[in-house]
Structure formats: structure tokens, C-alpha cells
Colleague: 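Got a structure for you, questions after.
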Amino acid sequence: MDIMNIKDRLQDALKKVEGFGEIRFGRREVFSLRLRNGIPETVNPIIDIGGSVEVLIPKHGWGFATFNKIEDIEPAVQDAIDASRAIIPDEPIELVEVEPVSTEVKDELDDDFHNHSIQEKYDLLVGYDSRIEGKDERIVERSLAYSEEFSDSFLLTTEGTDIFRSRSDAVIRCAVRARKGDLVQSAHKSYATRRSFGEIVNRNEMIDKVVQTALGLVESETVKGGIYTVVLNPDLAGVFIHEAFGHLSEADHIEENPQAQEMMKIGRKFGPEFLNVFDDGSVLPAIRGTIVYDDEGVRAEKTYLIKEGVLVGRLHSRATAAKLGEKTTGNARAQSSQHFPIVRMTNTAIEKGPHPAKNIFDGIKLGVYAIDAYGGQTQLENFSFSAGYAYMIRDGKIAEMVRDVVLQGNLFQTLANIEQVGDDFVWDSSGGYCGKGGQRVPTSEGSPHIRIKNVMIAGK
Amino acid sequence: MKILEKLEGKADKGEVFFVETTARSVTFKGWKIHSSHSSRESGFGIRVIVDGKIGTSSSTDLDDNTVDNVIENAITSAKFGENIELDFPKKTDVKTIDINDEKVTNAPIPTLIDYGSELMERMQKYRSDCDMEIGVSTTSYKIRVANTEGFDNEYEKTSFSMIGSLMRVKGNDIYMAWDYYDSTHLPEKTEDAVSRMVKRIDEIMQYADKIVEPPSAENIPVIFTPDGTLVLLAPLSQGVNGSNIYAKTSPIYDKMGEKIFDEKLSIFDDGLIDRKSASTPFDDEGTPKKRFPIIENGVLKNFVFDLMTARKSGYTSNGCASRSIFSPPQPNTSNVIVEAGDVSLKDMMADIKEGLMVESVLGLGQGNILSGAFSNPISTGFKIENGEIVGRVKNMAIAGNIYQILQNITAISSERKWFYGRFLSPYIRLDNISVVGN
């Protein structure tokens, strides 16, 4: 179905709303292909169409309804109105005023994924798989996956906003599990693009790196626990700033949590003067977290969160900005047209710093070079992250590989202990998602290499 | 069916699964209504067999052009699919069961709010020191399954569920109490559902301040409450799942017909019980539902299969295929019924000098439960002394492997309770499981 055919009907349905109303409607085509040990495990093309309506009647709560059939539009609007009326919050929900926008935002593709057949994508995975198969008897499992998603959607509001967005994503993923005796270790990497199928075709280096890492890990020893000077590579530094700091900057979290309000006072000194952190949903050419307009129709922008070591901003929806008396930042995002927008990060980064990256290991007698993130947990200011893999640093040089590197600490102490921020900034290119409130949205993280003293590393 | 006609000449066999759902929900938090949501969704998934290979595709867009795309997608998918022979069910009459209540379908959001408000009213006495959460939701389904072998049937089904929970935080102590109501029908009287839930919550809350010393011995009798038996049922449901049978990853994949548990234990899968949430006339591939034993007097009688896992394991499907629009079928249990024993709970407890009663654990289903092993901190558990519950215990954990500990069951109670809408269990007493305190 061409979604534009029902736009007028949606506009009409919105007219019934007394107060604020927004309708988003979209169509997605998703294709996923996965080979496990060379055997096709998933070959699943799907088409998903649907939308939602949000209603905020003055002095009442949010009403929300989803639908995917044309004849359900009017009943869904009625449900959302009923739902809004049923809720009376203690404090009225206000929205910061924004100028209505009428525009189109489309990903520009040099080489459209659509123009390549499933056979071609299958052959590509088989080709990558054959680079790994039989290479080493310690390899016990190989997994290669390709996925692509095309989505077209529009956003209409009772205030007159009318935005059409078109987005294309392709991701290639590789995971390898290796075994030596009883020790099993895995490594994985992914690469995402919104520009060109060509970028997916040329990933031999990534595949080889995954194999090399998995084989390195089964030969390596567990790191000896202790306090070290640690150098984080850009991928791990980016994930660290997103998970340990970025989520605390989301205003919905601050609004609900008195402890977070205390912690996140604007003007508080967070780190050295060469530390700058920002979120920017307007990065072009588009990377994973680029949105240009958020799901409330607010233009995304570069928002500094830390400037010269001091907390200067946070991320907002229209409602959280109104509540905290701050300006909007364009960070209300929804997983799809059938999800309610909540405050989310987009592309979050530590800005390029003054320290030459080539000298970042200088003077470290004994330290750890931690590379890539394998997940982690945060609870207010406490964090715990696993590195994908790591090397010891001995006398200023990279030495042997070590595994099971878990970095732990307190966010504020750790930020204050940043000694160097490198000059080699890079946006990560992996196919990452961020999960919150049951919704996952694509995000990017960026950073140069950073060096932190006195980091607690759990190990043996 | 139009889609099946379009498949003619393109595929050797085909199957269409169509679902339409309408759902409404309200939640209460912090002692007031918090949010409300409604959803309407329809869509279909198809499977085709082309040259002996299986292909899948699905869509929520029912537009004619899209349907053609989805068919082409499924046929393309089959080029890369697995080689498998699937015998889709033939034309058949299906049983009628009482699982559809128009009152559920027609209940507007304000009605749901009334149910929630009444429950909240009855929980008010805990307001001073507890936080609460209540959820009330309704869903109406319309499901149709049709295939090229002549099966074409549909049914309508509704569900109504309520959950009420309390959380009390005092210093480092977190204590929770909750209960469910779940049926395909609205309760005859609101009061019936609400009273039952409040009674259970009261039973748990009476021990909120009665924290007692943990039992001194490690080898003590443990009684699992009906809700607590999920600790034992979760590993078993993995162990009998068809996906783990053909892959031979289940420890009991080759134990069919053998006595693996105590003879007191009988467990049935029953997809035909009136007014129960896991009941349907046929499964998501069209295989009729039935009542069949999984365990009978301790003997392994059946695994849980859909068409594909049954075929790969050399069995036939027993009507346990479960799917959604976008994900192809997989085996799943229907209503799980543990048969009652002949001892009352009171008698079961009478001779216990020092023991434990387990209502819920943390991290249920985590770890390698496929092996039968479980190891969980107890979140709600009570100490039994001289046949009576004397208070609740903290910082204790239980561990064991169901394939060992269920070989010797001390007693199964005559009382039973439904929980999570699809499980019916008695109290089960085991005298051989490992209890750890710290």
C-alpha cells in the first residue's frame, strides 16, 4: 500500500482531537538472512505497516493507540481520546511550543541495497563464511548475518507539522566462537551503512579480525585484577560515555529520580577542561543515530552535555523540556510508528581532544588497553563494563592479549580521572542499538582514544 | 482463500496463518491511574514448500499488491530454505470450546479502569508503606489457518487479565506480593476476581515484618507452593520441547516410555479447557488441540511438538505449534496441568520440624535450565517449624537438578491453584534439595 494514499484520512481523523494530537504512520520492509556454520537458518522477508495516535487533552494524561488497518484509524483516534480523558495527572503536562514544520527527509543512497538480489546477498555471506570455515580447528561456531530495513513514514500533528521520512539501513554481522580445551571464547563485529551496498561487500578485514580475536582469546590468560591506568579504544570509550553518562542526561530519567536530579545539576564539574561530550542527531552524511527530525517533529541538533569539563545540558522531549524549563533538543524517539516517543540519545560522543593519540601509551609502566565493548550494566553512578578483548601495556608499549577484562567504577570519579583525550576522533560503524523502556532504536557512539588513571579492573 | 489460490502452480504446498487482534490496557502506579493504551493489529504469515524446501514470509499490510509481494518473497526464501517434508493437516471438523466472551471485546477503557480502581481500593490498607502496580488488560483474537491440503478453519478468542502487586522497601529489605487473575471471560462479578487476588496478597503480606532466622540445617524438607512449582516446570518444559528433541540437546530426548520421575507425578498438556488462556480448538498450524500426558505416573509419555520438530524427530505433531505474524511456528506447551495428590497441605506440613516453603525465586529460567539444573535466590520464601509457617526467610537460595530431585517426591497436595493463567499446580514437597543460606 502507498501510505500517502491515506494521509488525508489521517488528517481528517486528527480534527476530532481537542488539544494536542499526533499521528505517525509508516511502512517497513525488513529482510534478514543468517548462516550458522554455513547453513541458512533465517531467510525471512517481512512487510510491516502501521501507525499510532497520541493525544494530550489539556489537564489530562497522554492517550495512545496503535493500528494498522485503514478502517481502524477512527476507532484508534477515539481510543486515544478516551485514554487521555481517563487520566488526570497531579501536575498538568505542558509541551514546549515549536514552529510547525513541513518537510521531507530522505536517506540518499549511492548504491541502493534494493538493487541487489537475495542471491547476491546470500552469496556474499557464503563467501565470508568460506574465509572462516576450515581455517582453524579451534573454531567451533561461525555465524554470519545480513539484514536490511527500508522504512517510509510520516508524522502529522494538530499544530500543522507534516514530515515525511525515508530511511534505509543495512548491517552485516559476524560472530565466531573458538574453543581450546574447556575454554570457549567468542568475538563479534558488525558494520552498518545507510549509504551503499558497496560498503557491505568489502568487509574481509572485519571478518579476519573477528577470527583473529577469537583465536587470540582462547590462547590468552585472564587479566590480573587491580587498579590500572587504562586506555580505551574509541568504540569502548563511546559505549562508556553512552551507557554510563548519556542515560543520566536523559531528562525523563532525571525528572522521575530525585537522586539523579541531585547528581545532574547544571554547572557541576564533571571532568578535566579538555573533556567535551555531545549528542547530535543531525550528523550528515547520515550515521546510525542520525534522525534530522525527532518523532515529535522537533529538529535534531548538536547538544553539548559536558563543555570544558562542566555539565551544561541534557536531552529532552517537548514535555520534559517544559517541565524543567529548558529548551527542546529533538531527542524524542520511537522504535517505530507504532511506539510512543520517549527521550533517547542519537549520536553521542566524546569530542576530539588535544592529546596526540600516537603518544597515548607513553609513560604507562603497567596498564591495560581495553578494546570494544561486550555489554555492561549501570546503576545510577556505578558502572560495570566488559571489554571485547584487551592487551596489557608494559613500559609504554602494547604487550600480551588478556581476557575477561571488566571495568568497574563510579562515573564521577572515572570522568575526573581522565588524563588524556586523543586527537583521533571516529564515529563507530557498528550496527548498534540502544534499548530503553521496551523500545530499541539505532544509535552511534563516537570518541577518540582516551586514557584514564586508577581504573578498577576485576579479574583473577 | 485467495492467497492459497495465488500459490497454485508456484508452490507444491502452502499454508496461511491470519491473525487479527484488538487489545486494551490500563496501568496504575503510585496509587493512581498511570497510563492507558489500545492496539489493533492484523497480519498474515505464509509458509511454502517449493522443490522440497521451505520458505517463509509475512506482512501486516493486507493490500492486494503487497500480498503478491509476500508470495514472491516466500518463494524466493524457499530457494535458500531447509529441505523438509511437512504434512499440513487435512480438512477436518474442529471442536468448539468456550473461549470467546463478547463482553471482553466490548469492554471500553473506562470499564478496565473500574476493575483496576476496585482492586486498588481493596489494597489501600498498604498505602502507607508500599508502592503498588496494577495492570488490567483485554485482548480479542481472530485466528484463521488454511493450507493447500484442505484445512481452513477459524476461531475467535478473548482474554481478560489483571495483575496486582505491592512492593515494600524498608532500608535494604525489598518485599513483594502479587497475584494474577486470568481468564478468557470477564469475571461474573468484579468482586470474585478482586477478592481472590486480595486474599492471596494478604496471605503474603502478613509475613512482611516477620523475618525469621534461616533454618539451621541444610538438608531440610522444601515445599513448593503452586506458583513456586514453576522452578521445577520451567526446566521440564525446555526438556520436552520438540526443538531440543531433534537437536538432541535435551537430557531426556532418548528416554521416551521410561520412568524418569517419582510415580506420584503426572503432568498433562491440555489445550481444550474452557475459559483458559492457552486453550484453542487447533494450534497455529491447524493441528487439533487435545489433552495428552507429558508425564504419567513418573513415565515420560510425550514430548511437545509442532509439525517441523516432530518430523525431524520422527514423531507426529501433538498440536503445540505457536507462532506470531512475523515469526514462524515453534513448539510451546498449552495449559500445563499437574495432577493433584491425596494429601492435604496441612498434613504435608504436619511432620516438618524445620523446613522451607518456596513461593518465588529470582532469575527464574536463567542459567542452563535445559540440563534440568536450577539455582536461584529465593525472593519469597517461608520457614516452617513444627508444621506451621512461622515467618519469612531472607538471603537463601535453592539449587538442584529436576532429573534427580523429582525421582523422589515426598508428597503432592490435593489442593491446587491456577497461576499465570495457564498452569494448574498442587503443592509439592521434596526432601532432597539443596538449601543454602548466607
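Just so it is clear: chains get the letters A, B, ... in the order the sequence lines come, proteins before strands, and each one is counted from 1. Just the heavy atoms: all of them, side chains too, but no hydrogens, waters or symmetry mates, feed the values below.
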Colleague: Check B:His37 against A:Ala65 and note the closest heavy-atom contact, atom names and distance.
Modeller: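 Looking at all heavy atoms of both residues, the shortest contact is CD2-CA, 4.4 Å.
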Colleague: For the atom pair NZ (A:Lys69) and CD (B:Glu20), what is the distance rounded to the nearest 0.5 Å?
Modeller: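 Between atom NZ of A:Lys69 and atom CD of B:Glu20 there are 3.5 Å.
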Colleague: Name the option with the most non-hydrogen atom pairs under 4.5 Å to chain B; the candidates are A:Thr66, A:Asp48, A:Val30.
Modeller: A:Thr66
Colleague: Please give me the minimum heavy-atom distance between B:Thr60 and A:Ile49, naming the atom from each residue.
Modeller: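 Heavy atoms of B:Thr60 and A:Ile49 come nearest at OG1-N, 2.6 Å.
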Colleague: Side chain, backbone, both or neither: which part of A:Glu29 has a non-hydrogen atom closer than 4.5 Å to chain B?
Modeller: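 Looking at A:Glu29, nothing touches chain B.
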Colleague: Please check if the side chain of B:Thr66 supplies one atom and the backbone of A:Met1 the other of a donor-acceptor pair under 3.5 Å.
Modeller: yes
Colleague: Side chain, backbone, both or neither: which part of A:Phe64 has a non-hydrogen atom closer than 4.5 Å to chain B?
Modeller: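 When you check distances to chain B, atoms from both the backbone and side chain of A:Phe64 fall under 4.5 Å.
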Colleague: Might you point out which heavy atoms bring A:Ile87 and B:Ser35 nearest each other, and give the distance in Å?
Modeller: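 Looking at all heavy atoms of both residues, the closest pair is CD1-CA, 3.6 Å.
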Colleague: Would you mind telling me which of A:Ile47, A:Asp82, A:Asn44 has the largest number of heavy-atom pairs within less than 4.5 Å of chain B?
Modeller: A:Ile47
Colleague: Looking only at heavy atoms and a cut-off of under 4.5 Å, which of B:Ile109, B:Ile33, B:Thr56 has the most pairs with chain A?
Modeller: B:Thr56
Colleague: With a 4.5 angstrom heavy-atom cut-off, could you sort out which part of B:Leu62 is near chain A: side chain, backbone, both or neither?
Modeller: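 For B:Leu62, the side chain is the part near chain A, not the backbone.
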Colleague: Pick whichever of A:Asn68, A:Ile118, A:Val43, A:Asp79 has the most heavy-atom pairs under 4.5 Å with chain B.
Modeller: A:Asn68
Colleague: Identify which part of A:Arg85 has an atom lying under 4.5 Å from any heavy atom of chain B, answering side chain, backbone, both or neither.
Modeller: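 Answer is neither: A:Arg85 stays 4.5 Å or more from chain B.
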